[in-house]
Colleague: 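Quick one: structure below, then a few questions.
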2 protein chains.
Amino acid sequence: MGRKRLQTSADGRPTVHTVAARAGVSIASASRVLNGIGGSAETVRKVRAAAAEVGYVPNAIARSLQSQRTGLVALAVADIGNPVYVAMMRAIEAVVTSSGRQLLVHATGGEIESETDLLRRLANRYVDGMIMSPIRITDRHLDAIVVSPIPVVVVGQLPDDAPVDNVRTDSRAGVALAVDHLVAAGRQRIGLVNGPLDTVPGAARDAGFRAALASHGIPVDERLIEVGDFQYAAGRDAAARLFARAEPDALLCANDLIAVGALHALLTERRRVPEDVALVGMDDTELAQMAFPQLSSVSLGSAARGRRAAELLLERIADPDLPPRREHVAPSLVVRASSTVGRPTPGGTPSSRRPSSGGATRPGGRAAPADGTVGVTS
Amino acid sequence: MGRKRLQTSADGRPTVHTVAARAGVSIASASRVLNGIGGSAETVRKVRAAAAEVGYVPNAIARSLQSQRTGLVALAVADIGNPVYVAMMRAIEAVVTSSGRQLLVHATGGEIESETDLLRRLANRYVDGMIMSPIRITDRHLDAIVVSPIPVVVVGQLPDDAPVDNVRTDSRAGVALAVDHLVAAGRQRIGLVNGPLDTVPGAARDAGFRAALASHGIPVDERLIEVGDFQYAAGRDAAARLFARAEPDALLCANDLIAVGALHALLTERRRVPEDVALVGMDDTELAQMAFPQLSSVSLGSAARGRRAAELLLERIADPDLPPRREHVAPSLVVRASSTVGRPTPGGTPSSRRPSSGGATRPGGRAAPADGTVGVTS
DNA sequence: TCCTGACTTGTAAACGTTTCCGGGGAGTCT
DNA sequence: AGACTCCCCGGAAACGTTTACAAGTCAGGA
């Protein structure tokens with residue numbers, strides 16, 4: 001009952017007022033000491049002691065209200081169980097933490113509600129910036145992004161005129177790499193196990209697949225195309241359905257989860273991989289290396305995309321007036337045992353991830369930097 | 001140049017002052033309308049219109065400073081790439097979102113620095129509560145938890161006297177389930193591929209393994225024990241080392257990632273699973289079902305633990321004065337093809353997850369509810 | 001007609017921090 | 001010795017909300 005009111009927080013916790021009163025200094029001095037700027041030796045000692053005695057821990061919310069920053073960055077992904085997002089997240093986290101910030105991840109389940117809702121709640125200043133990789137992009141997404149008070153970077157395809165920072169890959173070209181590879185290995189009846197066609201990646205893979213077949217003069221057989229969702233179980237079941245009605249000699253799967261499911265279906269029916277059916281996945285996640293035989297997979301540079309997206313975000317946080325940027329990461333094909341009958345990858349050990357430099361893995365023949373290539377479009 | 005200063009935020013964004021001024025009402029009225037409480041029809045109309053015109057979006061930080069809550073809950077896990085955390089996270093998320101809150105996930109990489117740092121930053125009011133599942137628990141952790149201004153629930157083993165809400169399982173008993181199963185199947189030379197012994201789960205599995213062997217009168221052969229970390233590659237390499245120096249007829253792996261790695265090593269050396277070597281993993285993640293053959297695995301109830309932890313957290317947020325609680329989730333064994341030569345699981349299809357009710361999967365013979373059992377200790 | 005109650009509104013005080021600014025003391029250079 | 005610089009300190013004003021409180025309006029009942 002010294003002053004008009006107790007110097008503690010509503011829930012009884014000490015505030016900077018508590019510390020200041022106990023140390024016998026002003027809150028300004030206390031704050032300065034606690035932030036390590038200025039203060040005489042005596043003041044520093046008293047404030048430090050007082051803080052320790054009362055167990056002071058600063059209220060980050062109040063600090064953020066004042067400083068207008070939180071030091072947090074959010075990543076919103078559809079399905080945190082998909083290893084492709086794990087790889088992306090690791091790359092993002094490396095960049096984000098090296099800037100002294102922390103990364104928070106939110107799984108949206110791919111629902112529009114949840115995603116826009118997240119923007120509305122989180123984006124409103126709880127975090128300094130946000131990276132999202134939605135599986136579907138609607139006008140609601142774009143509206144929410146444009147109106148957002150904090151910078152947002154989108155990983156994935158976006159309408160051309162959207163004024164939003166964007167990192168993408170060309171998954172149609174990625175599909176073409178896989179088809180080229182399978183055709184070159186003598187496969188003619190190539191099947192596709194895809195995800196939903198109303199998603200951005202699903203639509204791109206479907207279009208890319210048809211175009212790639214056409215470029216080789218191979219007619220499209222609809223019985224060789226099956227659609228599920230991007231999960232393991234759906235891939236397994238869709239592959240089983242496909243085998244029940246057609247006889248592919250190769251199978252391209254829209255991601256590695258589907259590919260592992262298809263592999264499971266194949267092995268269950270005692271088909272040999274790759275002798276009877278060659279198998280190629282997409283995303284080149286660690287799952288592709290865990291499978292036996294190891295899966296060939298189209299790398300869509302998820303780590304590189306994540307890293308670049310994080311860099312774009314940090315740049316925009318530093319300078320919000322930058323014009324919207326759009327960057328591309330080139331796909332590449334990683335050949336492993338599941339699609340090569342003879343020697344898996346020339347000179348490669350089972351643990352080597354990168355495609356052999358002499359292989360037909362890069363259309364333009366450009367050498368790939370060890371860390372993934374990033375191309376900037378004008 | 002109306003009043004003393006522009007009514008907008010520092011970065012030029014509209015605030016409630018902007019809206020109020022434009023609508024010609026006080027900020028109190030504006031705030032009330034925006035929160036949907038009170039206001040005459042005319043006021044509501046004016047404020048809504050003004051808010052829409054200027055594109056007002058409330059500053060959640062300021063709101064939280066006032067209301068003392070953020071509506072966010074955090075989950076800190078060591079390795080987000082491990083599917084066991086994915087399952088746990090999904091269960092937590094279901095509970096958290098049903099309470100109208102949002103879940104944020106942070107991957108700590110298992111580093112003490114990062115974990116305590118997270119507590120220091122996040123916990124200081126950015127989120128209303130936090131669930132953490134540290135792989136190592138140090139005094140620094142405990143200190144940080146105790147001093148934390150927000151409720152923290154720990155999933156995993158904790159010192160007995162720690163005054164912290166805690167959900168745990170008995171992984172020693174889980175190991176015993178697996179060993180019992182393998183011994184009953186006639187295996188005698190059982191190997192263990194473990195994670196680091198200075199982690200909580202690593203130490204528990206090691207102790208449980210030795211105790212379980214002893215209970216069967218089987219001497220411990222140190223050459224049958226190998227240690228790596230809890231990752232796929234480490235499991236693969238550790239298993240290969242183990243096979244190079246000993247001839248196990250069964251292998252227990254400390255988690256499913258290690259088990260898949262071991263499976264890979266076995267298949268590479270053309271050993272048959274389960275005929276030559278029976279394989280049992282732990283955690284019963286979706287990875288166990290993806291492998292071929294499907295892996296038997298000890299379920300440590302990660303989903304049930306996550307769900308219970310979330311419930312405990314919400315209860316404590318509602319009433320911070322509750323005494324510290326400690327709950328247990330019983331382990332169970334899910335038998336699949338990797339450890340049974342004849343019929344994999346009696347009557348089971350490849351997609352059936354639950355152990356058959358007649359099997360020796362529960363020590364006490366109690367029936368398990370479909371969703372996992374939670375027992376409360378006094 | 002006057003009083004009471006319901007409803008609406010505006011003023012101002014929080015929430016807990018950082019920081020601008022001015023005053024005062026000690027030290028240094030001329 | 002006086003002026004100037006430098007450092008330390010405290011008061012007070014932010015940051016953008018919500019909300020307690022008081023004052024005002026209006027209708028209805030005695």
Side-chain angles (χ1 to χ4, degrees), chain A residues 3-21 23-47 51 54-71 121 124-126 128 149-150, chain B residues 3-21 23-47 51 54-71 121 124-126 128 149-150:
Chain A
R3 303 300 178 86
K4 58 199 306 185
R5 195 167 183 282
L6 229 35
Q7 301 284 29
T8 73
S9 160
D11 52 0
R13 297 198 59 88
T15 73
V16 68
H17 291 90
T18 324
V19 175
V25 301
S26 72
I27 59 164
S29 293
S31 173
R32 277 188 290 257
V33 169
L34 293 170
N35 287 4
I37 39 179
S40 69
E42 175 64 5
T43 308
V44 170
R45 191 194 59 74
K46 286 190 298 188
V47 171
V54 299
Y56 171 72
V57 28
N59 182 323
I61 288 282
R63 185 203 306 261
S64 292
L65 179 59
Q66 164 70 25
S67 65
Q68 304 279 41
R69 2 175 288 107
T70 65
R121 291 178 69 163
N124 301 345
R125 305 299 194 181
Y126 277 139
D128 293 338
I150 61 163
Chain B
R3 303 301 180 84
K4 57 198 309 185
R5 196 169 182 279
L6 230 34
Q7 299 286 28
T8 72
S9 161
D11 52 0
R13 296 201 59 90
T15 73
V16 69
H17 291 90
T18 324
V19 175
V25 301
S26 72
I27 59 164
S29 293
S31 173
R32 277 187 289 256
V33 169
L34 293 171
N35 287 4
I37 39 180
S40 67
E42 175 64 4
T43 309
V44 169
R45 192 193 57 73
K46 286 191 298 187
V47 171
V54 299
Y56 171 73
V57 27
N59 183 322
I61 289 281
R63 183 204 307 260
S64 292
L65 178 59
Q66 164 70 26
S67 66
Q68 305 278 41
R69 2 172 290 106
T70 65
R121 291 178 68 163
N124 300 346
R125 303 300 194 182
Y126 277 139
D128 293 338
I150 60 163

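Values reported hereafter were calculated over all heavy atoms of this structure, with side chains retained and with hydrogens, waters and symmetry mates removed. Just so we're on the same page: letters track the sequence lines, and every chain starts at 1.
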Colleague: Please give me the minimum heavy-atom distance between A:R69 and A:D128, naming the atom from each residue.
Modeller: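 Taking every non-hydrogen atom into account, CA-OD1, 3.4 Å.
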Colleague: Rounded to the Å, how far apart are B:R125 CZ and C:dT17 P?
Modeller: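 In whole Å, C:dT17 P and B:R125 CZ are 10 Å from each other.
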Colleague: Strictly distance-based, threshold 3.5 Å: is any side-chain N or O of A:T15 a donor or acceptor partner for the main-chain N or O of A:T8?
Modeller: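 No.
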Colleague: To the nearest 0.5 Å, what is the distance between CZ (B:R32) and CD1 (B:I27)?
Modeller: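 Rounded to the nearest 0.5 Å, the CZ-CD1 separation comes to 10.0 Å.
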Colleague: Looking only at heavy atoms, what is the nearest atom pair of B:T70 and B:R125, with distance?
Modeller: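 For B:T70 versus B:R125, the nearest heavy atoms are CG2-O, 3.3 Å.
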Colleague: For B:R63 and C:dG16, give me the distance from atom CZ to atom P, rounded to whole Å.
Modeller: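 Rounded to whole Å, this separation is 18 Å.
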Colleague: When the distance from CD of B:E42 to P of C:dC7 is rounded to whole Å, what number comes out?
Modeller: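 Taking CD of B:E42 and P of C:dC7, I get 19 Å after rounding.
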Colleague: Let me spell it out: for each of B:G24 and A:A28, pick the nucleotide of DNA chain C with the closest heavy atom. Which residue's pick is nearer the 5' end?
Modeller: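 It is B:G24 whose nearest nucleotide is closer to the 5' end.
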Colleague: Whole-Å distance between D:dC15 P and B:R13 CZ?
Modeller: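 Computing the B:R13:CZ to D:dC15:P distance gives 16 Å.
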Colleague: Heavy atoms only: give me the nearest B:V16-B:L34 pair and the separation to one decimal.
Modeller: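 Result for this residue pair: CG2-CD1, 4.2 Å.
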Colleague: Heavy-atom contacts under 4.0 Å between residues 30-39 of chain B and DNA chain C, which residues?
Modeller: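 Under 4.0 Å from DNA chain C: B:R32, B:G39.
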Colleague: Counting only side-chain nitrogens and oxygens, does B:S26 get under 4.0 Å of the OP1 or OP2 atom of C:dG10?
Modeller: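 Yes, within the criterion.
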Colleague: Side-chain contact test, heavy atoms from C-beta onward, threshold under 4.5 Å: evaluate it for A:R63 versus A:Q66 and give yes or no.
Modeller: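 Side chain of A:R63 against side chain of A:Q66, heavy atoms only: no contact under 4.5 Å found.
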Colleague: Between D:dA14 and A:Q68, is there an OP1 or OP2 to side-chain N/O distance shorter than 4.0 Å?
Modeller: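 Answer no for this pair, as no side-chain N or O of A:Q68 is under 4.0 Å from OP1 or OP2.
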Colleague: Considering every strand and a 4.0 Å limit on heavy-atom distances, what is the contact class for B:I27: base, sugar-phosphate, or nothing?
Modeller: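 Base, at least one base heavy atom under 4.0 Å.
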Colleague: Using whole Å, report how far CZ of A:R69 lies from P of C:dT17.
Modeller: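 So the CZ-P distance, A:R69 to C:dT17, works out to 17 Å.
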Colleague: From the options B:V57, B:N59, B:V54, select the one residue that forms a side-chain contact (heavy atoms from CB on, under 4.5 Å) with B:R13.
Modeller: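 In the set B:V57, B:N59, B:V54, the residue that makes a side-chain contact (heavy atoms from CB on, under 4.5 Å) with B:R13 is B:V57.
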Colleague: Does A:S40 make a side-chain N or O approach to OP1 or OP2 of D:dC9 shorter than 4.0 Å?
Modeller: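 The answer is yes; a side-chain N or O of A:S40 sits under 4.0 Å from OP1 or OP2.
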Colleague: Which comes earlier along DNA chain C counting from the 5' end, the contact point of B:T43 or that of A:Q66, where each point is its nearest nucleotide?
Modeller: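 Its nearest nucleotide lies further toward 5', so the answer is B:T43.
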Colleague: Tell me: CD1 of A:I61 to P of D:dT17, nearest whole Å?
Modeller: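 Distance check: A:I61 CD1 to D:dT17 P gives 14 Å.
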